[in-house]
There are 2 protein chains.
Amino acid sequence: MTCSMNYAPQLRAQGLRMTPQRKAILHALHHSGGHLSPTQVYELARKEFSSLTEPTVYRTLEYLAEKKFLLAAHVGNGKIVYELAQNQHHHLICHQCGGTVQVEHAPLELLYRQLESSTGYKLDSSHVTFFGLCSDCQS
Amino acid sequence: MTCSMNYAPQLRAQGLRMTPQRKAILHALHHSGGHLSPTQVYELARKEFSSLTEPTVYRTLEYLAEKKFLLAAHVGNGKIVYELAQNQHHHLICHQCGGTVQVEHAPLELLYRQLESSTGYKLDSSHVTFFGLCSDCQS
DNA sequence: TATGCTATTGTAAAAAGTTGCAATAAGGAA
DNA sequence: TTCCTTATTGCAACTTTTTACAATAGCATA
């Protein structure tokens, strides 16, 4: 748990507290490098802080995502995965082989502007996942 | 259950069977007019066919969505809702008041083409939900 | 360093969603 | 109409996710 990343100041800046539970959860996400389901976060983070409980994991993930420290993404059928909100991006998933490609947020910006002007809404986030067949699976 | 809609031929055209369970589920979705969560579908459809069970509802919704009879959409935090696949559209949700606006699929087509050429994937569906503040809640 | 406010957690129980497998019944063919 | 194939369902057990509320512990302040 001697992790180089220190999220405490960022959390406090928004009135959130740093707890060993959150440290373990962020640590798990940081070192996995990718997306983790709540269950995976629970399993990994428990190695850092063994008395961690499921409700805490679910609540923390949802709350930190709401506060923009994490991104929640959908992977097929309604499953949700989380990752650190380092760089905003989306996913393109092959529903044959499961292969995933990251889609930068930039190409969506134009769409954002269009929607804002046509609806009057002020957009600030989105859950976007695209599905299709990757080049290998198209044959 | 004397519903004007008759999905049986469409189902059979794809090798699917029409059962009283499916009839009740489609009926519920048809008459609700909007999005329903699996639980809501279960409750409503049970009024038409009381011996309906949860596993059947979940499996049927997922399967019919896969076969394009239904659309699965995400409404915040990982919850999933289903609706009849009449017209392909997405949602823009105000996370203050919960107000929802339908977003046509057309404006996303350009993005689809861009992604296809940059990734080599052949897109065929997406889970897209935008979040923001509606004009009323921006003050 | 000690104090107090309140954000955060654990507990326990319920609700929601999933799985494997044997039994049932749609609906095409005889 | 009857038979046959196999898609679909129910059952039962299990895993995942959520909720309410009391107890705990960050951390700002003095």
Side-chain angles (χ1 to χ4, degrees), chain A residues 1 6-28 35-46 48-70 72-82, chain B residues 1 6-28 35-46 48-67 69-70 72-82 127:
Chain A
M1 196 54 215
N6 183 9
Y7 296 98
Q10 304 174 54
L11 287 177
R12 295 212 194 89
Q14 295 204 31
L16 308 195
R17 294 174 180 174
M18 178 52 87
T19 65
Q21 291 87 343
R22 287 184 178 170
K23 216 172 279 183
I25 289 170
L26 289 168
H27 182 263
H35 326 241
L36 294 178
S37 69
T39 305
Q40 290 175 312
V41 170
Y42 176 63
E43 291 306 333
L44 285 172
R46 217 151 49 126
E48 297 295 334
F49 188 77
S50 61
S51 63
L52 186 67
T53 63
E54 279 120 329
T56 295
V57 172
Y58 285 96
R59 277 181 304 215
T60 301
L61 291 174
E62 189 175 350
Y63 190 49
L64 292 183
E66 186 189 321
K67 295 293 184 180
K68 312 293 181 197
F69 285 98
L70 303 179
H74 295 292
V75 184
N77 54 65
K79 294 305 173 61
I80 198 170
V81 294
Y82 292 89
Chain B
M1 196 53 215
N6 183 9
Y7 295 99
Q10 303 175 52
L11 288 177
R12 293 211 197 89
Q14 295 203 30
L16 308 196
R17 294 175 181 175
M18 177 53 86
T19 65
Q21 290 89 343
R22 287 184 178 170
K23 217 173 276 181
I25 289 170
L26 289 168
H27 183 262
H35 328 241
L36 294 178
S37 68
T39 306
Q40 290 174 312
V41 170
Y42 175 61
E43 291 305 334
L44 286 172
R46 220 153 45 128
E48 297 294 334
F49 188 78
S50 62
S51 62
L52 186 67
T53 63
E54 279 119 329
T56 295
V57 171
Y58 286 97
R59 275 181 303 213
T60 300
L61 291 174
E62 190 175 347
Y63 191 47
L64 292 184
E66 186 188 320
K67 294 293 184 180
F69 286 98
L70 304 179
H74 294 292
V75 183
N77 53 66
K79 295 304 172 60
I80 198 170
V81 294
Y82 291 89
H127 281 182

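If you're wondering where the values come from, they're calculated on a predicted model, not measured in any experiment. Side-chain atoms are counted along with the backbone in the values below, which use heavy atoms only and exclude waters and symmetry mates.
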(message) Using side-chain heavy atoms (C-beta onward) and a distance below 4.5 Å, is B:Phe69 in contact with B:Leu16?
(response) yes
(message) What's the separation between atom CD in B:Gln14 and atom CZ in B:Arg12, rounded to the nearest 0.5 Å?
(response) 13.5 Å
(request) Ignoring backbone atoms, establish whether B:Thr53 has a side-chain N or O less than 4.0 Å from OP1 or OP2 of D:dC11. (result) no
(request) Please determine if a side-chain N or O atom of B:Thr56 lies less than 4.0 Å away from the OP1 or OP2 oxygen of D:dT9. (result) no
(request) Using the test side chain to side chain donor-acceptor pair (under 3.5 Å), find all partners of A:Arg22 that sit at least two apart in sequence or belong to another chain. (result) none
(request) Starting from the first five and the last five pairs of the helix from C:dT1-D:dA30 to C:dA30-D:dT1, work out the angle between the resulting helix axes, to 10 degrees. (result) 30°
(request) Using whole Å, report how far OH of B:Tyr58 lies from P of D:dG10. (result) 15 Å
(message) How many whole angstroms separate atom CZ of A:Phe49 from atom P of D:dT24?
(response) 14 Å
(request) Name all residues meeting the side chain to side chain donor-acceptor pair (under 3.5 Å) criterion together with A:Thr53; count only those two or more places apart in sequence or in a different chain, and write none if there are none. (result) A:Thr56
(request) Specify the separation, in whole Å, of atom CD of A:Glu62 and atom P of C:dT8. (result) 14 Å
(request) Decide side chain to side chain contact (heavy atoms under 4.5 Å, CB included) for B:Leu61 and B:Val41; before the verdict, give the C-alpha distance in whole Å, the side-chain angles of both, and the deciding distance to 0.1 Å. (result) CA-CA 9 Å; B:Leu61 291 174; B:Val41 170; 4.2 Å; yes
(request) Could you state the atom-to-atom distance from CG of A:Leu36 to P of D:dT16 in whole Å? (result) 14 Å
(request) Using atom NZ of B:Lys23 as one end and atom P of D:dT8 as the other, report the distance to the nearest whole Å. (result) 14 Å
(message) Under the salt bridge (Lys or Arg N to Asp or Glu O under 4.0 Å) definition, can you give me all pairs with a residue in residues 36-45 of chain A, not counting sequence neighbours?
(response) A:Glu43-A:Arg46
(request) Using heavy atoms to find the nearest nucleotide of DNA chain D for B:Ser51 and A:Ser37 separately, return the residue whose nucleotide is more 5′. (result) B:Ser51
(request) Using a 4.5 Å cut-off on heavy atoms from C-beta on, say whether the side chain of B:Leu26 contacts that of B:Leu70. (result) yes
(message) Measuring only between side-chain heavy atoms, which start at C-beta, is B:Val57 closer than 4.5 Å to B:Thr39?
(response) no
(message) Tell me whether the side-chain N/O atoms of B:Thr60 come closer than 4.0 Å to OP1 or OP2 in D:dT9.
(response) yes
(request) Name all residues meeting the side chain to side chain donor-acceptor pair (under 3.5 Å) criterion together with A:Glu54; count only those two or more places apart in sequence or in a different chain, and write none if there are none. (result) none
(request) Using heavy atoms to find the nearest nucleotide of DNA chain C for A:Glu54 and A:Tyr63 separately, return the residue whose nucleotide is more 5′. (result) A:Tyr63
(request) Using a 4.0 Å heavy-atom cut-off, write out nucleotides 19-30 of chain C from 5' to 3' as B (base contacted by protein), S (sugar-phosphate only) or - (no contact). (result) BB----BBSS--
(message) Nearest whole Å is fine: how far is D:dT16 P from A:Leu61 CG?
(response) 14 Å
(request) Round to a whole Å and report the spacing from OH of B:Tyr42 to P of C:dG17. (result) 12 Å
(message) Can you measure B:Leu64 atom CG to D:dA7 atom P for me and round it to whole angstrom units?
(response) 15 Å
